[in-house]
Each structure stands twice: as structure tokens, then as C-alpha cells.
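All values derive from a computational prediction rather than experimental measurement. Whatever order the structure lists ligands and atoms in, that order sets their numbers, starting from 1. Values below: every heavy atom of this structure, side chains too, minus hydrogens, waters and symmetry copies.
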Amino acid sequence: MEGAAIVGAGHTRFGVRPEGPRALAQEAIRRALASVDRGVDGRTIDEGFLATLGFGGWQLGNASTVVAEAVGATGLPVTRIENACASGGFAIRAAIRAVQSGAELVVVVGVEKMTDVDQARRRYWLGVSGDTEWERLSGLTFAGVYALLASRYIADRPDAREAMRRVAVKNHANGALNPNAHFQKAVSASDVDRAPRVAAPLGLFDCCPVTDGAAAVLVTRASNARRYTDTPIYVSGVGAATDRLAVQERDEFPHFAASRRAAAEAFRSAPFGPRAVQLAELHDCFTIAELLALEDVGLVGPNEAVAATNAGRTERSGDIPVNPDGGLKAKGHPIGATGVSQVYEVFVQLRGAAGARQIPGAERALAHNVGGAGATATVTIFERG
Ligand code: COA
């Protein structure tokens, strides 16, 4: 089967942005087009995917036009994908599949505008991505669901609180080096401990923020990638899976079977296994989620995430650096943009273009994107050719 490669990527600054979603998406697309080393005419793009939840209920309506206008190809077919916080990962997967089916050049953009919504509507729009009857309508927020997962995880692992604290400190330190991050300020362990509780045991620095932003990437056929650049980033495998929406109806708790299945599928076609990954973008919407993901995608063995994190292995200087861009925790989590933003980070890191946060010599990377509290998940694996 034809392989796929990334040949361009663009990112807006994440944070509180004055622009609407249309302008954010178009900024990311323009930056992605401008990033292609040998240049590209947007009119040669033959397929587009747009990932967005439509937070706050804003109507993009005829989403194709946003993407088509940005690339200057008004005939372009564009499909909108919504799988909650994993929308971006599913859009990346759709683009890879399109290339495998014969498309020449595909644009993927993820976008979300979240900060123009008040608290009550924000709770509604985050909550609709989880179970309604037993979770949202009984007052359980996503922070609440992840607090339940964290409580269960901590109960069996006495050092897990220290690992969650380290995830927060690490990802804020990484975000401080990323000019696109929402928060570019390091925090100390005592800042994490002293922060207000959001849903015990999770405090403010255990939670991702509410963020506006967009990211875009260009995917092409592996055999044609060098037409665009000398340093394409090749897709080695992709996997996706779903689980039951309501956490209490799942077969397992607190781990995510969807993440595990997505990783197994992705690694089936990769020429290397999870232990050969040199850099990972993991879906750390809450600090506990990074620990669960480390085990679910197989970067460490079962029950090894706490020890790996507390030993510093996931820091930028460690042997499996996780979320060098600050992760959802510090870079921000504009729902539909997140999965595409992860691939942006992989693209710049594997090309050695990540500036102050560069992981030296990384050649194999993984991106893991989760929707809701593990109801949907994607894993994509990449390598430098
Ligand atoms: N991490 C660090 N700092 C944060 C933050 C976060 N997650 N969220 C807000 N802040 C900061 C703000 O920048 C602000 O700082 P300032 O006073 O220096 O300007 C301060 O905390 C208060 O911000 P505010 O927007 O009033 O916070 P809030 O109480 O309304 O919201 C949360 C805080 C944690 C409840 C909110 O960020 C949240 O809901 N996060 C989770 C989002 C989510 O569930 N996403 C889906 C995941 S599956």
C-alpha cells in the first residue's frame, strides 16, 4: 500500500485569541503552505479535512469553504470530522487513508475557539463529549471524570501523586520554550501543590486550560514527498479505536482500551516497536492522562509510568521525552486543533527545527490523541526518512 508523508505544517499561537475560528483556521493553513521547502500551489491540493467540535455552538456551516478559500481552490472537497478532543487525530488518519487511496496532496486543519463562551455554556460544551445521562446531567465535568481515574490509579500506586506533580512541572517548563504555547511560564512543585483544587485530587496545574487556536499539516504520497522537501516526515503506522462512551460501562478502569487498541494497530505496520520511539506527544488533558497513556501506548510496561516519570525519563533530557511542546497542559487544548498540533510538533522536531525545545537526534516519534475520557483514540507513528 502507498505510504504517506508530512511535507508542511503550520500553527497559530495558542491562547486567548481575538479572532474567530475561520480566521484561525486560515492562518494555520497559510503557515502550512508557506512552510513547504520547495513551495506548493494550494490549488494542487485535492482533498481537505477539517477537525473541530464547534465549541459554543458556533456554526461553521459549509466548512469546506473555510479550507477551500484558504488554499485558493474553490472546487476542493472538504470533510468535517468531529470526535471530541480526538477530532484532529481522526482527521490526520483520514488524510493518510485518502493518500493511500490515490490523493496526491491533502490538507488537514484543526481549529477551536473556546474562550468566548461563559462558564455555564463552557461546561455544557465540554460535557457533550462525554456521557449525558450519568455524567454531564449529574454534574460530572471532565475534570471530575479524570479525578475519578486519578483516585483509582493513585490508590494502587503510592508514588503516583509525585509523578502527576512532575508531569505538571515538566510540561509547564517545556511550554515556557514554545512560542506557540498558551502558558509560557515554568511552575514549581510547590506552585502545583498550593494551587486551588478543581476536582480532588486534581488541582489547577493538573488541568489543561481553555484555549483558542488552530494547526494545519500537508500530507502527500511517500513516493512523491521529495518533490516538496528533502526532509519529509514519513508515516510508519496509524491506528484508531473507540470504546463505550460512559466510563462506568467500560470493561476496564482507569486505563483506556481505545488507546491500547489504536497503538496496537499503528505498530502493526511500523518497522519498529514502542520501545524504539524517541519522542512522544501524549494526550495529557489532565496530568493523570499522561501516566495512563505512557502505559496504554506501550512506551513503558504496565505499572511502569510512575517510576519512569519520577526517574525523569519523560523530560526533554530523558530517553523518552514526552510533550516537548508543553502538551495540552501548558500549550493548551483547543479541542479540534490538538491532534493536528501534535503532528505539527512531531514534524518540526523530527526535522530538527524545534528551536529551544529541540530534542537532539530524534528520528522516531508517536502522537496519541484521545476523545472525551477515552471513548475515542488515535495513535500515529512517524519516522524521519
Ligand atoms: N493551568 C494553569 N493556569 C490556568 C489554567 C490551567 N489549566 N486555567 C486557567 N489558568 C489561569 C489563568 O490564566 C488565570 O491566570 P491569571 O489570574 O494570572 O490571569 C487564572 O488561572 C484564572 O483563570 P480562569 O480562566 O478564571 O480559570 P477558571 O477557574 O475559569 O478555569 C479550569 C480553570 C481548570 C476549570 C479550566 O481551565 C478548565 O475547565 N480546564 C479543563 C478544560 C477541559 O476539561 N477540557 C477538556 C479535557 S477532556
Quiz: residues 374-382 side-chain donor-acceptor pairs under 3.5 angstrom, not counting sequence neighbours:
{"from": "T376", "atom 1": "OG1", "to": "G371", "atom 2": "N", "distance (Å)": "3.4"}

Should the pair R17-E27 be classified as a salt bridge under the 4.0 Å nitrogen-to-oxygen rule?
-> yes
Could you pull out the N/O contacts under 3.5 angstrom between ligand 1 and the surrounding protein atoms?
{"from": "ligand 1", "atom 1": "1 (N)", "to": "K329", "atom 2": "NZ", "distance (Å)": "3.1"}
{"from": "ligand 1", "atom 1": "7 (N)", "to": "C207", "atom 2": "O", "distance (Å)": "2.7"}
{"from": "ligand 1", "atom 1": "7 (N)", "to": "C208", "atom 2": "O", "distance (Å)": "3.2"}
{"from": "ligand 1", "atom 1": "7 (N)", "to": "P209", "atom 2": "N", "distance (Å)": "3.4"}
{"from": "ligand 1", "atom 1": "30 (O)", "to": "Q119", "atom 2": "NE2", "distance (Å)": "3.0"}
{"from": "ligand 1", "atom 1": "40 (N)", "to": "C208", "atom 2": "O", "distance (Å)": "2.8"}

For L245, the rest of its hydrophobic cluster, which grows through side-chain links under 4.5 angstrom = none
What do the steps show when you test I335 against W125 for side-chain contact (heavy atoms from CB on, under 4.5 Å), and what is the final call?
-> CA-CA 11 Å; I335 308 288; W125 278 104; over 6 Å; no
Where at least one partner belongs to residues 205-216, residue pairs that pass side-chain hydrogen bond (donor to acceptor under 3.5 Å, both in side chains), sequence neighbours excluded = K113-D212, T115-D212, H182-T211, D206-T287
Is the NZ or CZ atom of R250 positioned over F253's six-membered ring, under 6.0 angstrom from the centre and within 45° of the axis?
-> no
